[in-house]
Amino acid sequence: MAIKRVCIVGLGYIGLPTAAVIASRGLEVIGLDVNQASVDIINAGNINIAEPDLDIIVRGVVSTGNLRATTIAEPADVFMIAVPTPFTKGHKPDLSYIKQAAEEIAPVLEQGNLVILESTSPVGTTEQLASWLKELRPELTFPQDKGEQAQINVAHCPERVLPGLILQELVSNDRVIGGLSKTCAEKAKELYKIFVRGECILTTARTAEMAKLTENSFRDVNIAFANELSVICDKLKINVWELIRLANRHPRVNILKPGPGVGGHCIAVDPWFIVDSCPEEAQLIRQARETNDAKPDYVLNKICRAADEFKRPIIACLGITFKPDIDDIRESPALNIVKQLAAKNVGQVLVVEPNLQKLPKPLVEAGLELCSLEAAFEQANVVAVLVDHQEFRETDKSEFASKVVIDTRGIL
Ligand code: SAJ
């Protein structure tokens with residue numbers, strides 16, 4: 001199969017960088033998105049998400065005509081689906097965006113096409129995608145009925161890039177490629193070999209789905225261990241950061257960092273897909289999620305107790321994004337803490353966030369305003385470090401000396 005045209009469904013944090021990188025290798029890439037505003041932004045050579053260097057590469061590939069965005073599906077050799085897979089109430093996976101993607105591409109599918117699911121998905125989703133496509137195009141054959149001889153091949157290759165380093169990791173990371181048949185996986189590898197320098201390892205779709213969920217659950221469980229340690233250390237009056245530094249000197253110990261909770265759209269979500277599939281068996285994975293989800297309330301209570309020491313508490317909250325040096329606030333524990341703090345009316349709340357031009361709506365509605373770091377230090381008596389942004393890490397530590405500090409990120 002000579003791949004000339006690739007259609008990427010979903011132009012978000014994964015879809016747009018992937019589309020741009022493939023287009024930069026000289027292929028024709030069509031970006032399909034339901035959001036007309038995103039399509040217009042991209043077609044003008046601009047970007048709808050913040051990611052280092054993405055603007056430069058998108059501008060380049062749009063100007064050469066290698067990348068074009070649209071809201072209407074067009075025929076292609078490969079369709080790559082990179083849409084969100086959130087969970088609904090009760091932590092049940094919501095596959096509606098994948099179903100919608102299947103409905104969009106089904107009318108233009110042609111014999112010989114390859115469909116790749118990149119979205120992080122519960123085990124069995126690639127099979128489900130293939131059966132939705134079969135229902136919509138019964139005259140075509142799929143791997144579930146014709147195996148290696150299918151007219152349409154379907155594979156899963158989960159994205160694994162780290163926000164902030166997406167463009168590097170898209171190229172350098174190894175890729176796990178799971179096919180619904182061996183041919184599916186091999187054909188998908190042909191596409192990835194065009195832009196991936198890492199190794200492409202072939203397996204089944206179910207194993208690839210589980211591999212991605214396992215990677216994020218591994219991290220979640222390990223962060224939960226660090227978060228539990230931080231609560232234990234508070235009780236035992238031990239500095240958890242010093243403790244971890246010391247323990248990590250053991251050659252086989254590598255404890256991650258505690259924090260105000262786990263945010264982002266991946267690690268705080270994906271482990272639930274395993275819990276949903278195997279509720280009886282996934283005890284540790286569920287507990288890790290619950291431990292990490294309990295951390296924002298724990299931090300909030302600590303801040304409120306510190307504020308109680310003052311007649312006129314002025315609380316500076318440093319950072320609201322879900323991790324350092326990015327502008328992404330999805331599932332951010334820091335944002336959640338600030339929101340709740342404002343609602344509690346325990347004192348004046350100052351928000352410092354060097355990566356945002358304006359505060360998100362719920363904070364504006366709560367009457368909060370963005371504040372400079374200098375102004376925050378001038379006024380505050382309580383300082384809560386919620387994100388370890390570079391600006392905060394580089395602050396002269398003597399600034400903190402006269403404050404009551406809740407340092408959830410160990411920058412001091
Ligand atoms: N965090 C801690 N302590 C740590 C490390 C992280 O509290 O020691 C917190 C962060 O502050 C943040 C959250 O965890 O709130 C997640 O941050 P992250 O940097 O660990 O991961 P993400 O969500 O940005 O990206 C993860 C990555 N997965 C793994 O590292 C296993 C990335 O490779 C995946 O592609 C991405 O999820 C995804 O899209 O699934």
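Counting starts at 1 for both ligands and their atoms, following the listed order.
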Visitor: Check Arg219 against ligand 1 and report side chain, backbone, both or neither, counting heavy atoms closer than 4.0 Å.
Guide: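 Near ligand 1, Arg219 shows its side chain, while the N, CA, C and O stay back.
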Visitor: Could you tell me the residue and atom name of the protein heavy atom closest to atom 21 (O) of ligand 1, and the distance to it rounded to 0.1 Å?
Guide: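 Heavy-atom neighbour on the protein nearest atom 21 (O) of ligand 1: Ile267 CD1, 3.5 Å.
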Visitor: Does Lys99 come within less than 4.0 Å of Glu135, counting only side-chain N to carboxylate O?
Guide: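 Result for this pair is no, no salt bridge flagged.
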Visitor: Identify the protein heavy atom lying closest to atom 33 (O) of ligand 1, giving its residue, its atom name and the separation to 0.1 Å.
Guide: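 Protein heavy atom with the smallest distance to atom 33 (O) of ligand 1: Arg160 O, 2.8 Å.
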Visitor: Grab the two heavy atoms, one from Asp327 and one from Leu356, that are nearest each other, plus how far apart they are.
Guide: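 Minimum heavy-atom contact is O-CD2, 3.6 Å.
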Visitor: Restricting to non-hydrogen atoms, name the atom on Pro313 and the atom on Val346 that form the minimum distance, rounded to 0.1 Å.
Guide: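 That would be CG-O, 3.2 Å.
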Visitor: At a non-hydrogen distance cut-off of under 4.0 Å, which region of Arg409 contacts ligand 1 (side chain, backbone, both, or neither)?
Guide: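 Only the side chain of Arg409 comes within reach of ligand 1.
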Visitor: Identify the protein heavy atom lying closest to atom 28 (N) of ligand 1, giving its residue, its atom name and the separation to 0.1 Å.
Guide: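 Protein heavy atom with the smallest distance to atom 28 (N) of ligand 1: Asn216 OD1, 2.8 Å.
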Visitor: For atom 13 (C) of ligand 1, grab the closest protein heavy atom and report residue, atom and distance to one decimal in Å.
Guide: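 Checking every protein heavy atom, the shortest distance to atom 13 (C) of ligand 1 gives Gly263 O, 3.6 Å.
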Visitor: Look at atom 40 (O) of ligand 1 and find which of His265, Glu215, Lys212 reaches it with the closest heavy atom.
Guide: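 Closest candidate by heavy-atom distance is Lys212.
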Visitor: Identify the closest protein heavy atom to atom 15 (O) of ligand 1: which residue and atom is it, and at what distance?
Guide: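 Among all protein heavy atoms, the one nearest atom 15 (O) of ligand 1 is Phe322 O, 2.7 Å.
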Visitor: Return the closest protein heavy atom for atom 2 (C) of ligand 1 as residue, atom name and distance.
Guide: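 Here the nearest protein heavy atom works out to Lys257 O, 3.6 Å.
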Visitor: Testing Lys187, Glu186, Lys193 one by one against Lys189 for a side chain to side chain contact (heavy atoms under 4.5 Å, CB included), which residue passes?
Guide: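 That would be Lys193.
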Visitor: Considering non-hydrogen atoms only, spot the tightest contact between Val21 and Ser24 and give its length.
Guide: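 Looking at all heavy atoms of both residues, the closest pair is O-OG, 2.6 Å.
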Visitor: In plain terms, say whether Asp77 and Lys4 are close enough for a salt bridge, that is, a side-chain N and a carboxylate O under 4.0 Å apart.
Guide: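 Looking at Lys4 together with Asp77, the answer is no, because their closest N to O distance does not fall below 4.0 Å.
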Visitor: Below 4.0 angstrom from a heavy atom of Leu256, which ligand 1 atoms are there? Numbered from 1 as shown, please.
Guide: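 By the 4.0 Å cutoff, the relevant atoms are 8 (O).
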Visitor: Identify the closest protein heavy atom to atom 37 (O) of ligand 1: which residue and atom is it, and at what distance?
Guide: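 Closest protein heavy atom to atom 37 (O) of ligand 1: Cys266 CB, 3.3 Å.
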Visitor: Would you tell me which option among Leu162, Ile166, Val161 has the nearest heavy-atom contact to atom 34 (C) of ligand 1?
Guide: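 Closest candidate by heavy-atom distance is Val161.
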Visitor: Using 30° and 60° as the class limits, which term best fits the ring planes of Tyr192 and Phe195: parallel, tilted or perpendicular?
Guide: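 If you compare the ring of Tyr192 with that of Phe195, the planes turn out tilted.
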Visitor: So which atom in Leu256 and which in Ile244 form the shortest heavy-atom distance, rounded to 0.1 Å?
Guide: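 Answer, listing the atom of Leu256 first, then Ile244: O-CD1, 3.8 Å.
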Visitor: To which of Lys323, Glu159, Lys295 does the heavy atom nearest atom 39 (O) of ligand 1 belong?
Guide: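 Looking at heavy atoms only, the winner is Glu159.
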Visitor: So is Arg330 actually on top of Tyr13's ring, under 6.0 Å and inside 45° of the axis?
Guide: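 Verdict for Tyr13: a cation-pi partner in Arg330.
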Visitor: Pro163 heavy atoms, cut-off 4.0 Å: which ligand 1 atoms fall inside?
Guide: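 Heavy-atom distances to Pro163 below 4.0 Å select 24 (O), 25 (O).
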Visitor: How far is atom 6 (C) of ligand 1 from the closest protein heavy atom, and which atom is that?
Guide: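 Residue, atom and distance for the closest contact: Ile223 CD1, 3.5 Å.
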